[in-house]
Amino acid sequence: MAAGMGYKGKNSMDIWKHLESEITAATGRPFVLRKHHGVAGGGINQTRKLEGEPESFFLKLNQRGMLDMFAAEAEGLNELSKAEAIRVPRPICWGEYGEYSYIVLEHLNLAGREGTRRFGRQLAKLHGYTSEQCGWHRDNTIGLTPQINTWNDDWIDFWRQRRLGFQLNLAQ
């Protein structure tokens, strides 16, 4: 997202009011945004913590036209949570408003040494979760790079073609 972009949306309603409304609709609880500030974690997106009542959320904001990326992320997070192996943020809402695409996620406090240890144990448990096939029903992205997820019965073949091979072809 270009530095210095303003946050005004269509019809003079700013994106913050829009997000308050969308979060309220998605959670079924009134949400009032008290303040927002930038946080680490944004390589390709602008990332912000939305501090409000009754809780806080994590926002990823990008230019209009990135909605599919955010929809795939939301679906992927929901899928990861099914493994019950690692604590993933719950997607709250995603959409487009004015010149922006966005996703709002549950805000997780991941600070501290114990959080890092717990994450490592959970990540190891997640990698023990298996399926009969490798891949997924939809493609998604790693940053802005497409991640092709065509189903494959063989993990090595999937990795060679869809992960490592795909990246090597892009680099070439």
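One is the number of the first residue; the rest follow in order along the sequence.
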### Task
For the pair Arg163 and Asn149, evaluate side chain to side chain donor-acceptor pair (under 3.5 Å) and give the outcome as yes or no after the intermediate values.
CA-CA 9 Å; Arg163 294 297 181 265; Asn149 292 314; 2.6 Å; yes
### Query
Taking all non-hydrogen atoms of both residues, which atom of Leu108 and which atom of Pro89 are closest, and how far apart?
CD1-N, 3.7 Å
### Query
Counting only N and O atoms by type, is there a donor-acceptor contact under 3.5 Å from the side chain of Asn152 to the main-chain atoms of Asp154?
yes
### Message
Parallel, tilted or perpendicular: which one describes the rings of His36 and Trp16, with boundaries at 30° and 60°?
### Response
parallel
### Query
Any chance CD1 of Ile156 has more than 12 other-residue heavy atoms, nucleotides or ligands included, within less than 6.0 Å?
no
#### Entry: Non-hydrogen side-chain atoms of Trp94 and Val104 separated by less than 4.5 Å
no
### Query
Same cluster for Leu164 and Trp151 if Ile/Leu/Val/Met/Phe/Trp/Tyr side chains link at under 4.5 Å?
no
### Message
Are more than 12 heavy atoms, taken from residues, nucleotides or ligands other than Trp159, located less than 6.0 Å from that residue's CH2 atom?
### Response
no
### Message
salt bridge (Lys or Arg N to Asp or Glu O under 4.0 Å) for Glu20 and Arg34? Distances and angles first, verdict last.
### Response
CA-CA 10 Å; Glu20 277 184 331; Arg34 300 291 182 213; over 6 Å; no
### Query
Quick one: CD1 on Ile103 to CE on Met66, what's the gap to the nearest 0.5 Å?
12.0 Å
### Query
How far does OG1 of Thr141 sit from CD1 of Ile148, to the nearest 0.5 angstrom?
10.5 Å
### Summary
dist Phe158:CZ -> Thr150:OG1 (nearest 0.5 Å) comes out at 8.0 Å
### Task
Calculate, to the nearest 0.5 Å, the distance between atoms SG and CZ belonging to Cys134 and Arg162 respectively.
11.5 Å
### Query
Quick one: does Asn62's side chain have a donor or acceptor within less than 3.5 Å of a partner on Ile44's backbone?
yes
### Task
State whether Arg138 and Glu79 are salt-bridged, where the test is any N-O pair (Lys NZ or Arg NE/NH1/NH2 against Asp/Glu carboxylate O) under 4.0 Å.
no
### Message
I need the minimum non-hydrogen distance between Ala72 and Trp136, along with the two atoms involved.
### Response
O-CH2, 4.0 Å
#### Entry: Any donor-acceptor pair under 3.5 Å from Ser101 side chain to Gln63 backbone
yes
### Query
After noting the C-alpha distance and the side-chain angles of Glu75 and His137, does the key distance pass the side chain to side chain donor-acceptor pair (under 3.5 Å) rule?
CA-CA 11 Å; Glu75 191 175 348; His137 73 96; 2.4 Å; yes
### Query
Within a reach of under 6.0 Å around CD of Glu84, are more than 12 heavy atoms found that belong to other residues, nucleotides or ligands?
no
### Task
Determine yes or no for a side-chain-to-main-chain donor-acceptor pair under 3.5 angstrom, with His127 supplying the side chain and Leu123 the backbone.
yes
### Query
Any side-chain heavy atom of Leu19 sitting closer than 4.5 Å to one from Leu59?
yes
### Message
Quick check: closest heavy atoms across Phe70 and Asn45, and the distance to 0.1 Å?
### Response
CZ-OD1, 3.4 Å
#### Entry: Closest contact, heavy atoms only, Leu126 versus Ile86
CD2-CG2, 4.0 Å
#### Entry: Heavy-atom pair of closest approach, residues Ser81 and Val88
CB-CG2, 3.7 Å
### Message
Could you tell me if the side chain of Leu105 sits less than 4.5 Å from the side chain of Ile92, heavy atoms only?
### Response
no
### Query
Do Glu96 and Arg64 meet the salt-bridge criterion of a basic N to acidic O distance under 4.0 Å?
yes
#### Entry: Any donor-acceptor N/O pair, Glu106 side chain to Arg90 backbone, under 3.5 Å
yes
### Task
Identify the two heavy atoms, one from Pro91 and one from Ala74, that lie closest to each other, and give their separation to 0.1 Å.
CG-O, 3.5 Å
### Message
Could you check whether any side-chain heavy atom of Phe57 comes within less than 4.5 Å of a side-chain heavy atom of Lys49, counting everything from C-beta outward?
### Response
no
### Message
Please verify the inter-ring angle class for Phe58 with His107; under 30° counts as parallel, over 60° as perpendicular, anything in between as tilted.
### Response
tilted
#### Entry: Student check: side-chain heavy atoms of Glu55 and Ile23 closer than 4.5 Å
no
### Query
Below 4.0 angstrom, N of the basic side chain to O of the carboxylate: do Glu73 and Lys60 qualify?
yes
### Message
Taking the basic N atoms (NZ, or NE/NH1/NH2) and the acidic carboxylate oxygens, is any pair closer than 4.0 Å for Asp157 and Arg160?
### Response
yes
### NE2-OG1 distance between His37 and Thr47, expressed to the nearest 0.5 angstrom
10.5 Å
### Message
Once rounded to the nearest 0.5 Å, what's the spacing between atom CD of Glu22 and atom CZ of Phe31?
### Response
12.5 Å
### Task
Report the C-alpha separation of Thr24 and Val32 in whole Å, then their side-chain angles, then the decisive distance to 0.1 Å, and conclude whether the side chain to side chain contact (heavy atoms under 4.5 Å, CB included) test is met.
CA-CA 8 Å; Thr24 295; Val32 178; over 6 Å; no
